[in-house]
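Beneath this line is the structure, given in structure tokens, with notes to follow.
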Amino acid sequence: MIVDSVLTNAKAYINGQIIDCSIAIEEGKIQKIGKETQMPQADEKTDLHNLLVLPGLIDEHVHLRDEGKAYKEDFSSGTAAAAAGGFTTVLDMPNNDPVTMSIGTLRNRMETAHRKILVNVGFYSEFPKKLTEIPDIVEGDAVGFKIFMGCQIGGLYLDDDQALQDAFKEVAKLNRPVAVHAEDRAMLTANEQKLNQAKKTGTADFLRAHTEAVELKSIQRLLKVSEQTNVRLHFCHVSTEEGLNAIAEAKKSGRKVTCEVTPNHLLLSIDDLKRYGQMVIMAPPLRDRNHVDALWKGLADGSVDTLGSDHAPHAQTEKSASSVWDVKVGVPGLETTLPLLMTKIKKNQLTIVQTVQLLAEKPAEIFGLDDRGRLEQGKNADLTIIDFNSQFKIDVSKFKSKAKFSPYDGWDVQGKVVKAIVNGRIVFDEGEIVATGGSGFIVRRGSG
Ligand code: DOR
Ligand code: ZN
Ligand code: ZN
């Protein structure tokens, strides 16, 4: 048999170990992993010169925008940024224009995406107004539902516990996860109104609105509302010690809950908010050091399941305003996450095993991406190839994302993404995108 390609001299992450091996790829799947002498003949051979090969990384938390928000990011630029950052699969959030919250909006989004995408993309949906539409959305291959608890974005009325419970029951029957942005809308808007009336418009005032209590209240409410529903709740970007503890407790009692942290909440704190100002306004906001330490502890003890970049691109002009309330929240993250983490590995603050769990194995498990997350015969040939020792400075002007700003601009990091292989094809190679739109596939149920 002559396969499509063989990669030789790889140092590949297989079941928790780095193994010297070669990898054969046929029709977008891993056909064989073994010694070079055991490899089948191939149309193409690539010598990886002992570079580190990880299972194609998955970023479960990305805002790709496009459609009405294409000026901030579109499917081409967003998935180019993903490939350059070492992510071969990303999951797209639904707060778009129009909001992804029906079979129609989901299908339109997939239609717009499929010829443009360079990496695999799965789509979340917000909840529809009518619960009877939930099965259609699942049939339409949404990877899961996302609910923003901080403001009304989808069709589900946030203040109604019963409506939330009914929706959770419906999704549980169909065995899809529900990702949540946990900030309590009522508490948050009351805080914002008070501050607005007092003409408080500085960056510190943003923290006075998005308090720790705002996050905790929402987490506690959701844990209670979901108690009898069997739903799988996945808490996005947990930013507080108390919030993480509440989730860890629920897990210990056997509840099916999981949670994510972002690099921003691990690497930055309130000090950086003072330093970088409005650029690092995000929701939830950067916190005090004690919370940062608690998140690191959560990584070490397994209370944290996944890492998501929360890639939130905006036009640069939207990142500064005379009032903090007019600043768009979020920063791009696809092209900084992996080198930032690799740098932490170098400093012995994180292990490669943790990183692969957080960015590949766990997201694959939570979102049912059965063909991904591990290097194994038969799995999708999605591979992230890294020069672990290569040192460089993060440079926003080189971003493939339209959002060319970052608090990490100029940071010294190590661990350069050399190639990203998506569905067996090299998409990103030595700084360049070398494939055409459509090389990535839409993630569908059953297709992994
Ligand atoms: O910082 C954020 N940015 N938090 C959100 O909840 C939304 C996101 C965005 O879409 O920009
Ligand atoms: Zn969010
Ligand atoms: Zn987000």
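Numbering of ligands and ligand atoms starts at 1, following listing order. Just so you know, these numbers come straight off a predicted model, no measurement behind them.
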Region of His314 that comes within reach of ligand 1 [heavy atoms, distance under 4.0 Å]: side chain

Partners passing side chain to side chain donor-acceptor pair (under 3.5 Å) against Lys129 (at least two apart in sequence or in another chain): none

Closest protein heavy atom (residue, atom, distance) for atom 1 (O) of ligand 1: Ala283 N, 3.1 Å

Six-ring centre of Tyr71, Lys69 cation under 6.0 angstrom, axis tolerance 45°: no

Short N-O contact, Asp74 and Lys402, less than 4.0 angstrom: yes

Structural part of Met282 in contact with ligand 1, heavy atom criterion under 4.0 angstrom: both

His63 N/O to ligand 1 N/O under 3.5 Å: yes

Listed partners of Lys398 passing side-chain contact (heavy atoms from CB on, under 4.5 Å), at least two apart: Asp395

Residues Asp161, Lys224: salt bridge by 4.0 Å N-O rule: no

Shortest protein contact, atom 11 (O) of ligand 1 (heavy atom only): Arg65 NH2, 2.8 Å

Test item, His210 contacting ligand 1 (heavy atom, 4.0 angstrom): no

Lys404 and Asp409 ion-paired at < 4.0 Å: no

Cation-pi, Phe392 ring and Lys416 (6.0 angstrom, 45 degrees): yes

Side chain, backbone, both or neither: the part of Lys146 lying under 4.0 Å from ligand 1 by heavy atom: neither

Residue part near ligand 1, for Asn95, under 4.0 Å between non-hydrogen atoms: side chain

Protein contact to atom 3 (N) of ligand 1 [nearest heavy atom, distance to 0.1 Å]: Val329 O, 3.1 Å

Structural part of His181 in contact with ligand 1, heavy atom criterion under 4.0 angstrom: side chain

Criterion ring-ring contact (aromatic ring centres under 6.0 Å, His included) on His63 and His311, from CA distance to verdict: CA-CA 6 Å; His63 300 264; His311 178 75; 8.5 Å; no

With Val121, the side-chain contact (heavy atoms from CB on, under 4.5 Å) member among Thr79, Leu91, Val62, Val443: Thr79

Distance, nearest 0.5 Å, that separates OG of Ser226 from CD of Gln165: 8.5 Å

Sphere of radius 2.8 Å around the Zn ion (ligand 2) - protein N, O or S atoms inside: His181 ND1, His237 NE2

Residues in salt bridge (charged side-chain N to carboxylate O under 4.0 Å, His left out) contact with Lys173, at least two apart in sequence or another chain: Glu170

